[in-house]
Amino acid sequence: MEISEITERALKEFGSADTESALEEAYNKYLSKKGEISQLMSQMGKLPKEEKASFGKAVNDARNAATAAYQAKRAEIEKKKLAERLEKEAIDITLPAKNKNIGHINPYYAVIDEVTDIFLDMGYQVVEGRDVETDRFNFELLNVPKDHPARDMQDTYYLEGSDLLLRTQTSAAQAHTMLEKEVKTPIRMISPGKAYRRDDDDMTHSHQFAQIEALVVDHNISMANLKATLELFAKKMFGEKREIRLRSSYFPFTEPSVEVDVSCFACGGKGCKTCKGTGWIEILGAGMVNPKVLEACGYDPKEWSGFAFGVGVERVAMLRYGIDDIRRIYTDDVRFLKDYIGK
Ligand code: PHE
């Protein structure tokens, strides 16, 4: 009979269709509207009445069988396709990773971060200074009046026709911190930032550089407190074996004043290239806050005393990382960062 012959063929073709397109082709051939099985229905009209019911049932059975075969095959092909895709898209974790070229923090910020951390641990506050200052805060309040010879060493950029200048030292932040306190309370602060001076045009000076200012004001602060603080700082920053040496010096805003050396961390004090054979390296200026400065900033020197110091950031960075030319710190050469700090 025609129906069973068509069904047999349809099942065979669905069974052997191995690709999606072959399966679709078979579908169109048998099950679509114009397909052979669907077309069988159109013969119904010609049949005698008593045969119609059994013919209709036979055609329906044929359609159901063919549809089941089609769906089974479709599921098989989908499964195969998925397996192929999973295999193709699998991530091979044995491949070597791409080497990302990551940068490194600039020595300028590396030093500031490190020093800041050390003083935060000791209970200091970080105070933000300002790059543009007035003559009053940069000089006068710090006991450097207009005709003071110390101004010679700190020539800077002045804004013509105004009182404004680019600050020559972060010490200006000392005066701000003291004056801003309406009620005079103890101070423990550090203030990192930039300072500007006329360029000396050699490999160790630059028209712009950074300092970290520190100021402590309290009752009964003595030189011993300053020395102990600096000693702790030197050991934390440069290693437990470091020692410090205080040499007397002069700054208008501190009295007495000292320059502070650290025993050379390259040779341990024997003398080498880094310390120019002396065994010591100068890292900062310091001293007891001059009573005149305390007074000008509203702290009664009979009641209060304090110490201050200023660390040269680039100087510490150059020594710490063995950098030969200060200008390298401000250029954006990634190789420099790698060579000096990335190790
Ligand atoms: N401001 C001084 C300088 O720039 C350093 C300093 C700061 C000295 C605080 C004493 C106290 O050279």
Side-chain angles (χ1 to χ4, degrees), residues 106-109 111-113 115-116 125-182 187 189-215 217 249-255 257 259 284-287 289-299 306 308-318 325-332:
N106 188 283
Y108 176 97
Y109 291 104
V111 167
I112 289 179
D113 285 353
V115 175
T116 303
Q125 270 187 314
V126 180
V127 168
E128 188 130 20
R130 36 201 109 174
D131 289 21
V132 177
E133 274 296 354
T134 57
D135 189 274
R136 179 165 171 252
F137 277 93
N138 194 73
F139 291 124
E140 305 236 359
L141 287 168
L142 298 173
N143 194 33
V144 189
K146 289 249 160 21
D147 54 0
H148 198 289
R151 287 203 180 206
D152 277 359
M153 280 162 60
Q154 302 200 3
D155 198 9
T156 181
Y157 303 85
Y158 293 86
L159 193 68
E160 232 178 304
S162 85
D163 191 32
L164 298 174
L165 49 86
L166 286 180
R167 69 171 173 191
T168 60
Q169 48 189 354
T170 49
S171 302
Q174 286 188 33
H176 280 292
T177 309
M178 286 189 271
L179 272 176
E180 271 161 21
K181 282 198 185 273
E182 276 174 39
I187 294 170
M189 73 86 166
I190 59 161
S191 185
K194 295 183 184 104
Y196 308 82
R197 287 183 203 174
R198 205 189 66 189
D199 196 347
D200 279 344
D201 202 22
D202 69 47
M203 301 228 289
T204 59
H205 288 89
S206 159
H207 61 283
Q208 178 197 306
F209 55 98
Q211 295 183 323
I212 301 167
E213 192 78 12
L215 173 70
V217 180
S249 182
Y250 174 77
F251 298 104
F253 33 90
T254 47
E255 180 61 34
S257 301
E259 256 158 334
L284 58 90
V289 181
N290 191 318
K292 283 190 183 164
V293 174
L294 287 173
E295 195 155 25
C297 296
Y299 276 78
F309 57 88
V311 186
V313 170
E314 289 84 354
R315 186 163 180 81
V316 171
M318 288 173 85
D325 184 341
I326 193 168
R327 289 165 297 197
R328 283 169 154 282
I329 296 174
Y330 303 114
T331 54
D332 55 358

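As a basis for the values below, the full set of heavy atoms in this structure was taken, side chains included, without hydrogen atoms, waters or symmetry mates.
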Peer 1: Do Val127 and Ile190 have side-chain heavy atoms sitting under 4.5 Å apart?
Peer 2: no
Peer 1: Do Arg197 and Gln169 have side chains that approach each other closer than 4.5 Å (heavy atoms only, starting at C-beta)?
Peer 2: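 With C-beta onward as the side chain, the pair touches.
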Peer 1: Could you pull out the closest heavy-atom pair between Tyr250 and His148, with the gap in Å?
Peer 2: OH-NE2, 3.3 Å
Peer 1: Check whether any side-chain heavy atom of Thr177 sits under 4.5 Å from a side-chain heavy atom of Gln125, and report yes or no.
Peer 2: no
Peer 1: Please report the shortest heavy-atom distance between Gln208 and Tyr330, naming the atom on each side.
Peer 2: O-OH, 3.1 Å
Peer 1: Could you tell me if the side chain of Gln154 sits less than 4.5 Å from the side chain of Val144, heavy atoms only?
Peer 2: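 SC-SC contact between Val144 and Gln154 ruled out.
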Peer 1: Please find the pair of heavy atoms, one from Leu164 and one from Thr134, that lie closest to each other, and give the distance.
Peer 2: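 Closest heavy-atom pair between Leu164 and Thr134: CD2-CG2, 4.0 Å.
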Peer 1: Does a sphere of radius 6.0 Å around NZ in Lys181 hold more than 12 heavy atoms from other residues, nucleotides or ligands, not counting ones at 6.0 Å or beyond?
Peer 2: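 Buried by this count: over 12 neighbours within 6.0 Å.
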Peer 1: Between Pro107 and Ala317, what is the shortest heavy-atom contact and its length?
Peer 2: CB-CB, 4.0 Å
Peer 1: Heavy atoms only: give me the nearest Ala308-Gln174 pair and the separation to one decimal.
Peer 2: CB-NE2, 3.3 Å
Peer 1: Could you check if a side-chain atom of Arg167 sits within less than 4.5 angstrom of a side-chain atom of Val132, using non-hydrogen atoms only?
Peer 2: no
Peer 1: Sequence neighbours left out, what passes side-chain contact (heavy atoms from CB on, under 4.5 Å) with Ala296? Give chain and number order.
Peer 2: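 Only Leu141 meet the side-chain contact (heavy atoms from CB on, under 4.5 Å) criterion with Ala296.
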Peer 1: Can you check whether Thr116 reaches Pro192 side chain to side chain, under 4.5 Å on heavy atoms?
Peer 2: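 Yes, at least one pair of side-chain atoms sits under 4.5 Å.
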Peer 1: Spell out, as yes or no, whether a donor-acceptor pair under 3.5 Å connects the side chain of Glu213 to the backbone of Ser171.
Peer 2: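 Yes, the answer is positive, given that a donor and an acceptor are paired below the 3.5 Å cut-off.
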Peer 1: When rounded to the nearest 0.5 angstrom, what is the spacing between CG in Asn290 and CZ in Phe253?
Peer 2: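 Between atom CG of Asn290 and atom CZ of Phe253 there are 10.0 Å.
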Peer 1: Quick check: does any side chain N or O of Thr168 sit under 3.5 Å from a backbone N or O of Thr156, one acting as donor and the other as acceptor?
Peer 2: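 Checked: no pair found.
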Peer 1: Using 0.5 Å steps for rounding, measure from the NE2 atom of His207 to the NZ atom of Lys194.
Peer 2: 10.5 Å
Peer 1: When you compare the side chain of Tyr299 with that of Val289, does any pair of heavy atoms fall below 4.5 Å?
Peer 2: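 No, their side chains stay 4.5 Å or more apart.
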Peer 1: Ser257 and Phe251: which non-hydrogen atoms are nearest, and at how many Å?
Peer 2: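 For Ser257 and Phe251, the tightest heavy-atom pair comes out as OG-N, 3.1 Å.
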Peer 1: Strictly distance-based, threshold 3.5 Å: is any side-chain N or O of Glu314 a donor or acceptor partner for the main-chain N or O of Tyr108?
Peer 2: no
Peer 1: Report the residues that fulfil salt bridge (Lys or Arg N to Asp or Glu O under 4.0 Å) with Asp135, sequence neighbours left out, ordered by chain and then residue number.
Peer 2: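 Expected list: Lys146, Arg151.
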Peer 1: Please confirm whether the backbone N or O of Pro252 pairs with a side-chain atom of Asn143, one donor and one acceptor, at under 3.5 Å?
Peer 2: yes
Peer 1: Taking Gln211 for the side chain and Thr170 for the main chain, is one N or O donor matched with an acceptor at less than 3.5 Å?
Peer 2: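 Looks like yes, one N/O pair under 3.5 Å.
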Peer 1: In chain order, what residues pass the salt bridge (Lys or Arg N to Asp or Glu O under 4.0 Å) check against Arg136, with sequence neighbours excluded?
Peer 2: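 None.
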